[in-house]
Asker: 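Next up is a structure, given as structure tokens.
Counting starts at 1 for both ligands and their atoms, following the listed order. Only heavy atoms go into these numbers, but all of them, side chains included; no hydrogens, no water, no symmetry mates.
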Amino acid sequence: MYAFTLGLLLVTVPGVLSATYDVAVGAGGNLAFDPQYVTAYPGDVVNFVFHPKNHTATQSSFNQPCVPLAEGFNSGFIPVATENDSLPNYHFHVMDTNPVWVFCQQTGHCGKGMVFAVNPPADPSPNSLKAFQELAIATNGTGSSSSAAGTYTTPPAPEWQTATATVTGASGSVWTTTYTSYDGTPSPTPAAEPIDHKIIVGGDGKLEYSPANISAAIGDTVTFEFRPKNHTVTQSSFLNPCKALASTSTTGQVGFKSGL
Ligand SMILES: *[C@@H]1O[C@H](CO)[C@@H](O)[C@H](O)[C@H]1NC(C)=O
Ligand SMILES: *[C@@H]1O[C@H](CO)[C@@H](O)[C@H](O)[C@H]1NC(C)=O
Ligand SMILES: *[C@@H]1O[C@H](CO)[C@@H](O)[C@H](O)[C@H]1NC(C)=O
Ligand SMILES: *[C@@H]1O[C@H](CO)[C@@H](O)[C@H](O)[C@H]1NC(C)=O
Ligand SMILES: *[C@@H]1O[C@H](CO)[C@@H](O)[C@H](O)[C@H]1NC(C)=O
């Protein structure tokens, strides 16, 4: 039996209650969301409040700011006649900490920069909210960069990297964690109460780890229990799943390996 300490991509933040963020859509007749972005955690709610005119809150991808995302959310058109105390609203429930890109689908609005984001990477990331809005304006709401007004080039997709961080826990214990990260990944968070996660390797002769994924915090332990046959548990990077981290890292990270 081998025990290892793992750093994980997604970490839960203990002790934080879910929050609701009000976002005004088209307040004051402006083609804008206000605030223009929110930083939110899983379980939080974004409450879009629609002001007069006829707007939407529609999810898009970063690369096509003015095109509805196939699996994304969409309030649909919400026409509002007068400013009053009971404006219509639409709720988006935050599921994870990944960036969520949003625009207004009314003709001409996205091309004028009417966009919004949940958890956008900060400047100077190529995937910042400013870059998203510039792309919406450059493509004039068409979703095609061929019609771009300027010479704007589409920023690259988020780049996955292997990061190493040192984290100090509540008890003063210090942990070094190596994990796959991208621009905007939240910082690793120490566990309030470290726990042990047990993983069965190759149970019932199956070629699998069970469970195959866990949510864990810095300071937790993962214990791998090996069943018959001849397996390993070896850390890799996200982009090279079948190679030991040491053989693909360009910055000297080693990662853990049980050996056969
Ligand atoms: C709202 O806008 C949509 C799309 O332009 C349009 O189909 C719809 O008729 C508009 N609704 C009102 C009440 O103006
Ligand atoms: C307030 O505006 C909404 C949306 O236009 C409308 O449905 C509602 O009747 C209005 N309420 C009052 C009191 O005017
Ligand atoms: C941008 O889009 C708007 C609305 O779709 C259109 O009226 C306008 O002609 C477009 N401008 C350019 C430069 O293509
Ligand atoms: C993680 O495991 C849970 C339960 O074992 C499963 O329901 C879920 O689909 C898994 N998630 C991923 C991303 O594989
Ligand atoms: C386990 O697998 C490795 C790699 O295939 C092999 O070198 C080793 O001999 C195996 N051990 C046993 C006991 O089968």
Side-chain angles (χ1 to χ4, degrees), residues 1-4 22-34 36 46-61 64-92 100-116 132-133 135-144 147 149 199-210 212 222-237 240-249 254-260:
M1 212 185 280
Y2 299 83
F4 299 102
D22 290 332
V23 176
V25 184
N30 295 323
L31 297 185
F33 293 83
D34 184 21
Q36 209 191 359
V46 180
N47 178 37
F48 294 99
V49 179
F50 289 84
H51 289 257
K53 282 190 184 163
N54 184 359
H55 299 292
T56 77
T58 305
Q59 188 175 356
S60 72
S61 65
Q64 297 198 301
C66 304
V67 177
L69 189 65
E71 307 276 290
F73 73 82
N74 194 342
S75 69
F77 288 98
I78 303 195
V80 177
T82 55
E83 196 75 49
N84 66 34
D85 289 339
S86 58
L87 294 170
N89 61 20
Y90 178 85
H91 283 177
F92 167 62
V100 175
W101 306 104
V102 181
F103 71 105
C104 175
Q105 215 176 335
Q106 188 56 272
T107 307
H109 290 192
C110 184
K112 291 199 176 95
M114 188 166 181
V115 296
F116 173 81
F132 180 66
Q133 187 175 38
L135 186 55
I137 293 167
T139 56
N140 193 30
T142 63
S144 156
S147 64
I199 313 290
I200 303 297
V201 182
D204 297 327
K206 292 185 186 150
L207 299 183
E208 64 180 29
Y209 299 89
S210 181
V222 182
T223 302
F224 294 94
E225 189 176 297
F226 289 79
R227 296 291 165 86
K229 282 192 184 162
N230 186 357
H231 300 293
T232 83
V233 53
T234 307
Q235 187 172 357
S236 72
S237 71
N240 291 289
C242 302
K243 295 203 167 121
L245 182 58
S247 70
T248 59
S249 175
V254 175
F256 67 85
K257 59 201 296 186
S258 67
L260 285 149

Asker: Within the distance-only criterion (no hydrogens, no angle test), does the side chain of Q235 pair as donor or acceptor with the backbone N or O of L245 below 3.5 angstrom?
Answerer: no
Asker: Only counting residues at least two apart or in another chain, list the ones meeting side-chain contact (heavy atoms from CB on, under 4.5 Å) with T56.
Answerer: T58, N74, S75, F77, C104, Q105
Asker: Shortest non-hydrogen contact from F132 to S60?
Answerer: CZ-OG, 3.5 Å
Asker: Applying a heavy-atom distance cut-off of 4.0 Å, which protein residues contact ligand 5?
Answerer: N230, L260
Asker: Between N54 and ligand 1, is there a nitrogen or oxygen pair with a distance under 3.5 Å?
Answerer: yes
Asker: Please identify each residue that fulfils side-chain hydrogen bond (donor to acceptor under 3.5 Å, both in side chains) with T248, with sequence neighbours left out.
Answerer: none
Asker: Taking only residues two or more places apart in sequence or in another chain, which ones pass side-chain hydrogen bond (donor to acceptor under 3.5 Å, both in side chains) with H231?
Answerer: none
Asker: Report the C-alpha distance between L135 and Q64 in whole Å, list the side-chain angles of each, state the deciding distance to 0.1 Å, and finish with yes or no for side-chain contact (heavy atoms from CB on, under 4.5 Å).
Answerer: CA-CA 8 Å; L135 186 55; Q64 297 198 301; over 6 Å; no
